[in-house]
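Computed from a prediction, not measured in an experiment: that's the story for all the values here. We number each residue from 1, following the sequence as shown.
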Amino acid sequence: MSVGEGHAGAQPQDRGHSSADAQYYGTTEPMAADAVYFVLTDRFVNGDPGNDQRTQGGADPSRRTFDRPVPGAPKGRSDNVGYLGGDFRGLLDNAGYIRDLGFGAVWLTPIVDNPDEAFTGGDAVKWGGMFTDRGKTGYHGYWGVNFYKLDEHLPSPGLDFAGLTAGLKQHGLKAVLDIVANHGSPAYTMPVDQPKFGEIYAADGTLLADHQNLPPAQLDPAGNPLHRWYNTRPGLAQLSDINEDNPEVLEYFIGAYSQWIDQGADAFRIDTIPWMPHAFWHAFTSRIREKHPGFFMFGEAFDHDAATIAAHTLPHNAGVSVLDFPLKERMAEVFGRKGGGFERIAERLYLVDGPYQNPYELMTFYDNHDMARLDARDEGFIDAHNFLFTARGIPVIYYGSETGFERGTAEHAGNRNYYGQARIDAAARSPIYAPLKRIARLRANSPALQRGLQLNLEMAGDRAAFYRVYQHGGHAQMALVLINKGDAPTTFTERRYVQAGRWRAAVGGGEVTVAEGDALSVSVPAHGVEVFLLDAPVRRADLARELDKAQPGARSRR
C-alpha cells in the first residue's frame, strides 16, 4: 500500500473546525454491536439424544414425529420434515464456536410447545413444495399450542431455557427469541381431529381455544367460547388464524413472552408481523417496553418494497426494526450466480430521506429458512460477508452459511437440513470460513462498523468504497471500507475526505500515515476487502458537511 501525493484537487483540512465536537452516529442501539447467528434449533446439533422423543406419535407411521424424509428427492439429495434432534445442549456446546466466529448473538426459532404428531391434513409434502404440510411436524417451532411451555425436544436435565441463556451469556452471546402471535398450529382438513392441532392452552394447561378441525368459515365465535380466539377467514395454509381483536389474545402473548424475557431472552424476532395490525403490535411492544425499557425487537415482513415494510419501524406503529428484505433481494442478485454491480445494492440502502425510521438498525441478510439459500460460489459468500459486516445494519447469518451449506436449496429441498457436530468441527477447512471470521471479528471490535454513519464514495460494478464514521459519547472512529468483488486485484486511490493521521489497515495489517492533502492508495486483492481505521474525531470541514447531511437519516426508533 502507499500514500499518494497531494494534488490540486485535494480538499485541505480546516484547522480549528468545530466538527470535532459534533455527534455522528447511525445508531446508539446496543444490539447494533452484535452480529446475529441464526439457528433452526432442531437442525443445528443434537447434543442430547435423550430428548429426541423417537417414539413420539405412536406406531402409526403417518403420525410419528422423528425423522420423516421428504419423498421424491433426487439421487444424493435429502430433506426432512420430522424432528432430527437439535436441542439446547447442542447449541450451548457450540456457543464458543459461534462466538469465536465473531458473532455476539444467537437467534433461535420458537421454543414453545408444538403438537406431538405429524399433521395428517393439508396437501402432501413433496420435494421442493411450498405450503405443503401433510406429514410435516412442528420441528421448526412455529406451530405453537402452549406459548408458556417449552417444547420437550429442546431442554435436557439441568438445562432449560433460563440455563441456555445464562450459558450463552457466559460465552458473550445474547439470545434472540423468535416469537409468533398471528397463528397457531394447523387447525383443519385432518381426516380425524388430532390432539393439540388447532388448540391453544394456558400456562396451567387449561384449554383456551380449539378450532375443532373446522374450516374457518364454519367457526362460531359468538356461540362457542373456544372459537373466540380465531378469525373466520383463512390465513396461511391451514394454520389457525388468531383473532387480533380479542383482548384476551394480547394479554396471553404479553404474559407468555414476558416469561421468556424473565428467563433471559435479550431480543425478539417477530414472525409474520404484517398478519396482525399495527395497533396490535403497538400495544404489544409498548407493554413489553414498559417493563423492559429499550427491549430490541425486529419483525419479519416478507416484502421487497421498502415503503411497505418501513411502516412497522415507525413509532406510532410497532416501532421495531425489520429484516431488510429489499436489500436481501439485491444482495442475492449481486453476490449470487446471477451477478450484478454494487450500484444495485446502493439503491436499497436508503441512507438519506429513506422510508425507515432508522436504516442503521435494520437486520441485514442474504437468505434464511423461508427462502432459497444463497446460490453462489465460495467467492460470492466471501464478497457478501465483506459487505454485510461493514455496511449499515445488523448482520444476520443463517447457520451453515460459513461453509456454504446447502447453497441454493429451498424449503423441502435441503434448506433446513441437519448440520451436525461433524460439519462444525470441519468448518474451518471451508474457504468461506476464515474470511468470514476475519471480517466478523473486525466488526465486533469496531464501533464505526457497528454504529457509524455511512457515506458512500463509490458503489458500482465490482467496487465499493465508503466511510463509516462514529463520533459519540467521547468515542471517535472513522473506517474507510474498500471492497473488491472482482476476479482480479484492483487499486483504490481515495482522496475525498481522507483526514490526516495514522490509519490502521485492519485486514492486511500495518499503518499508513496520511499528511494533509494526501490520497490513500491501496491494492485490494480479488474478492478482498481492506478497512482503514482512524481513531480520531472529524476535523475536515468537507467531511463534516457530508456527515451533517447524512445524520438526519439516522433517527431514533422510539
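For F365 and F325, the ring centers sit closer than 6.0 Å to each other. Between H369 and Y399, the ring center distance fails the sub-6.0 Å criterion. The aromatic ring centroids of Y366 and F335 lie 6.0 Å or more from each other. Remark: aromatic rings of W107 and F298 are close, center separation under 6.0 Å. Separation of the W281 and F284 ring centroids falls under the 6.0 Å cut-off.
A salt bridge is defined here as a Lys NZ or Arg NE, NH1 or NH2 lying under 4.0 Å from an Asp or Glu carboxylate O, and D79 with R77 fails to meet this definition. With respect to D378 and R407, a salt bridge is recorded, a charged nitrogen being found less than 4.0 Å from a carboxylate O. Electrostatic pairing of E406 and R373 does not count as a salt bridge here, judged by no charged N lying under 4.0 Å from a carboxylate O. Ion pair E511/R502 flagged as a salt bridge, since at least one NZ, NE, NH1 or NH2 atom sits closer than 4.0 Å to an Asp/Glu carboxylate oxygen. Remark: D353 does not engage K549 in a salt bridge, criterion side-chain N to carboxylate O under 4.0 Å. Using a cut-off of 4.0 Å between Lys/Arg side-chain N and Asp/Glu carboxylate O, K437 and D100 are scored as salt-bridged. In summary, R451 and E29 do not engage in a salt bridge, as defined by a charged side-chain N under 4.0 Å from a carboxylate O.
Donor-acceptor pairing under 3.5 Å is recorded for the side chains of Q454 and N456. Using modelled atom types and a 3.5 Å distance limit, the side chains of D487 and H527 yield a donor-acceptor pair.
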Determine all donor-acceptor pairs shorter than 3.5 Å in which one atom belongs to a side chain in residues 336-343; sequence neighbours excluded.
residue : atom : partner : partner atom : Å
R337    : NE   : D375    : OD1          : 2.8
E343    : OE1  : G461    : N            : 2.8

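Note: H472 and Y470 have perpendicular aromatic rings, judged against thresholds of 30 and 60 degrees for the angle between ring planes. Using cut-offs of 30° and 60° on the angle between ring planes, the pair H140 and Y142 is tilted. Classified by interplanar angle (parallel below 30°, tilted 30° to 60°, perpendicular above 60°), the ring pair F44/Y419 is parallel. Relative orientation of the F103 and Y37 rings is perpendicular, given thresholds of 30° and 60° on the angle between their planes.
In this structure, T27 contributes its side chain and E361 its backbone to no donor-acceptor pair below 3.5 Å. At distances below 3.5 Å, at least one donor-acceptor pair connects side-chain atoms of N415 with backbone N or O atoms of M371. E530 places no side-chain N or O within donor-acceptor distance of the main-chain N or O of V522, the cut-off being under 3.5 Å. Side chain of N317 to main chain of A279: no donor-acceptor pair is present (N/O by atom type, distance under 3.5 Å, no hydrogens or angles).
Heavy atoms from other residues, nucleotides or ligands lying under 6.0 Å from CZ of F302 number more than 12.
With sequence neighbours excluded, the residues that form a side-chain contact (heavy atoms from CB on, under 4.5 Å) with D93 are R89.
Closest approach of T491 to S521, counting heavy atoms only: CG2-OG, 3.6 Å. When all heavy atoms of R416 and R43 are compared, the closest pair comes out as O-NH1, 2.8 Å. Residue V529 comes nearest to V507 through the heavy atom pair O-CG1, 3.4 Å, listed as atom of the first residue, atom of the second, then distance.
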